[in-house]
Colleague: 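First, the structure itself, so that you have it in front of you.
Naming: A, B, ... by sequence-line order, numbering from 1 per chain. Any value given below was found using the heavy atoms of this structure, including those in side chains, with hydrogens, waters and symmetry copies removed.
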Protein chains: 2
Amino acid sequence: MDQSSPAPRISELHDHAGQPVVVRGWVTHVRSSGKVAFAVIRDGTGVCQAVFVKSVVPPEVWERFGQLTTEASVLVTGIPKPEPRAPGGFDLQVSDLVIHGESPTDYPIQPKEHGVDHLLDNRHLWLRSPRQRAIFVIRNEIEQAVHDFYYQRGFLRVDTPLLTAAIGERAGLFETEYFEEGKAYLAQTGQLYGEAAAAAFGKIYTFGPTFRAEKSKTRRHLTEFWMIEPEVAWNDSADNMRLQEDFVAYLVQRVLEKCRPQLAELERDVAKLEKVTVPFVRIDYTDAVATLQSKGSDVKWGDDLGAEDEALLVEDYEKPVFVMNYPKEAKAFYMKENPADPRTVLCDDLLAPEGYGEIIGGSQREDDYEKMIARIKEEGLPLDAYGWYIELRKYGTFVHSGFGLGLERTVAWICGLPHIREAIAFPRMMHRLRP
Amino acid sequence: MDQSSPAPRISELHDHAGQPVVVRGWVTHVRSSGKVAFAVIRDGTGVCQAVFVKSVVPPEVWERFGQLTTEASVLVTGIPKPEPRAPGGFDLQVSDLVIHGESPTDYPIQPKEHGVDHLLDNRHLWLRSPRQRAIFVIRNEIEQAVHDFYYQRGFLRVDTPLLTAAIGERAGLFETEYFEEGKAYLAQTGQLYGEAAAAAFGKIYTFGPTFRAEKSKTRRHLTEFWMIEPEVAWNDSADNMRLQEDFVAYLVQRVLEKCRPQLAELERDVAKLEKVTVPFVRIDYTDAVATLQSKGSDVKWGDDLGAEDEALLVEDYEKPVFVMNYPKEAKAFYMKENPADPRTVLCDDLLAPEGYGEIIGGSQREDDYEKMIARIKEEGLPLDAYGWYIELRKYGTFVHSGFGLGLERTVAWICGLPHIREAIAFPRMMHRLRP
């Protein structure tokens, strides 16, 4: 082993063309003609093809090549040469090979079809596949884009608590004992805290995990998922929708700009993503119901829209669609009554195209002290658990709006994934707590 | 009210000097000479001084000024003029005032000394103070700096699960019922998952909340706190410490570059922060114990270092100090045995200066399959809960290292806060679950 050579990541090989290096990684494929042998090596930053020429390498190196198995970890010394036809764009002309960690031939993921339960049971290894890496490169880009978007616009990120005594929505709470304080609940949203922070800092956003102890087994539900929840003082519902469309269009644009190879790996139809530009269409809930009924849905005014209705409504559009101003009874207590139609509230859901459905729920918040108290009582919620929240309407109440974007739903849509479970590294679902 | 004027944030007033605008915000102070009156308005992005000239404004506006109370929300129409002596650098020459939301005179936070319990009970309002805003501007800058640092270096952010069946460390777990899967535990670390992700993606980091159900009542402990946990394939312990010092020096540098006004608000001695440059001193644990004993500590070889010992050790240094290679029994089972002294492990704690103590714990991870199994058994941990984790050593084991930086401890140190509770928006401590 040549200890003196640099050991770059595969993504850095272009800086080392023609110079001996040590590549450290894992074997994904091997093949041999008898005189020349190839091993594709991945190191998480990229792949390169190690080329072993029998007449050039020492006999013991040739012999070691024969011992390589899938996911064995190796240190390969060689000279990188650009080779457009090679996986990853580089051949490595090998002079030495060390097998660092063997990989028994019972490696759980083989180049054949596996059932999804087997893959999820082996999620810690499944992540090593090219498809999974492509998803997580895109997820990483989306996350960085979220932060860049709000940082550039002067928002403060605020980390709201996960352990909470207050109750955001009513059902589906995970609970735990909290010392002598009694029960604590895992947050379903950071919004209520975000509202307090918006009064303090003007423009804020949260970025964190949220929890739903719901027995949902759909392709759009996780029990633990990440949400981005901006909240802006002095924004009304119209401002709120403008922020949402700017935000979503920015995320899609960033992925198109930075992640073309990963979208190709996923065979994503990028033409569909390229259509996601502002403005998005806005449909009043009442009009949406009429449209759905004309398309044969049995939805009635007053109902929330289910996944099927959402898909039916969006099928006529090539980009996300806002449905706004839902009936009060279909939505949460904190949404502001619509002065133009007090049966409804100033809110919106943003529905992604291609059948992906709701990725955002947003609203202007009720800012009237008395109305807020009345709504909490109407819903049968414990008034004193909301004492601090109500005080935001007592001391200098303010027009404000915000929304929550579901990160995994957004990743699934942008990546074109059939199920949300692939959009997070270690998904948590009703029957899935491991690994 | 002039509906046609733009309504910029106070931070944007410099783009509107000399033009009528509407400022929307909250009243922090008022004073009046009888002919000229001043109200300082904050909107979360900054403050400006609204100037009411009795002979200029309509009588009803002058009268409304007299009704202003602390934290009333207002819409003030006026013309901004740069005024270096004014709070926030702008005077607003007022023509109109609307009181949007009154604020009763029982506002809980008055310009006097309050006990910390009162302030924490009113955390949703306390956040509005200039000191708290300064802290959260700095926290926001640190968080963005974290993401920028790793994004620029090609790390993938990986969000590891909070609900987990596996057990990272042994004591102090919050638990919850998880459907038919039995108990789930709130994660104390994302590290084990981070190791799996490092084998898949090479260089990763996590950024998320972690939990400790510990009855600690010190100024350095929260039950819920945020950690950044990088994990890097092929990094050994020395590489790991280089990454840590580059990272911490970068965070401090970013705050010095971007947050001078906030550091001034906090009366932080920036000269102390300016000394935080690489490299940091590295002290072997064994030498640290000898030094501590010579300073009068009764620490014995084999003990972990407590907060007092840490402070005693660091008092001779002006920047963070690494203490490395602790005895095996003082540290977690997953740390790699030190080949040069098998009584110890390849690890480090990074201790912040000025008495702030440990902000990072890091280590090279045990990568030997048999040794890992032996260590898990030695610690009495359930082997099958770690099955997937052990497999990382079975299929292509790899040298790897990582660390966890405590976000609130880092914010507290950089801001110079006496207690970690101010470093997070809604702190969770043993007796503190609200608001």
Colleague: Under a 4.5 Å heavy-atom cut-off, does chain A meet the side chain of E102(B), its backbone, both or neither?
Modeller: backbone
Colleague: If I measure from the heavy atoms of chain A, does L125(B) come under 4.5 Å with its side chain, its backbone, both, or neither?
Modeller: side chain
Colleague: Would the distance check show the side chain of H400(A) and the main-chain N or O of F398(A) forming a donor-acceptor pair, the cut-off being under 3.5 Å?
Modeller: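 Present.
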Colleague: Measure centre to centre between the rings of F174(B) and Y185(B), then say whether the value is under 6.0 Å.
Modeller: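 Not under 6.0 Å, so no.
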Colleague: Counting heavy-atom pairs under 4.5 Å to chain A, which of S11(B), A200(B), G46(B), G25(B) comes out on top?
Modeller: A200(B)
Colleague: Let's test your reading of the structure: which of G396(B), S103(B), G101(B) forms the most heavy-atom pairs below 4.5 Å with chain A?
Modeller: G396(B)
Colleague: Who are the salt bridge (Lys or Arg N to Asp or Glu O under 4.0 Å) partners of R432(A), not counting sequence neighbours?
Modeller: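 D117(A), D121(A).
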Colleague: Examine distances only and state if a side-chain atom of D236(B) and a backbone atom of D239(B) form a donor-acceptor pair shorter than 3.5 Å.
Modeller: yes
Colleague: Counting only non-hydrogen atoms closer than 4.5 Å, does L186(B) touch chain A with its backbone (N, CA, C, O), its side chain (CB onward), both, or neither?
Modeller: side chain
Colleague: Given that the side chain runs from C-beta out, which part of A72(A) has a heavy atom under 4.5 Å from chain B: side chain, backbone, both or neither?
Modeller: backbone
Colleague: Quick one: does R139(B)'s side chain get under 4.5 Å of W226(B)'s, heavy atoms only?
Modeller: yes
Colleague: Please state whether the side chain, the backbone, both or neither of F136(B) comes within less than 4.5 Å of a heavy atom of chain A.
Modeller: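 Looking at F136(B), backbone and side chain both touch chain A.
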Colleague: Can you check whether R157(A)'s main-chain N or O pairs, donor with acceptor, with N140(B)'s side chain at less than 3.5 Å?
Modeller: yes
Colleague: With a 4.5 angstrom heavy-atom cut-off, is it the side chain or the backbone of V137(A) that approaches chain B, or both, or neither?
Modeller: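 Interface part for V137(A): both.
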Colleague: Report which part of F207(B) has an atom under 4.5 Å of a heavy atom belonging to chain A: side chain, backbone, both, or neither.
Modeller: both
Colleague: Do you know which of L163(B), L127(B), D43(B) has the most heavy-atom pairs with chain A at a distance under 4.5 angstrom?
Modeller: L163(B)
Colleague: Mind checking salt bridge (Lys or Arg N to Asp or Glu O under 4.0 Å) for R133(A) and listing every partner two or more places apart, or none if nothing turns up?
Modeller: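 Expected list: none.
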Colleague: Sort E214(B) into side chain, backbone, both or neither according to what part of it lies under 4.5 angstrom from a heavy atom of chain A.
Modeller: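 Looking at E214(B), just its backbone touches chain A.
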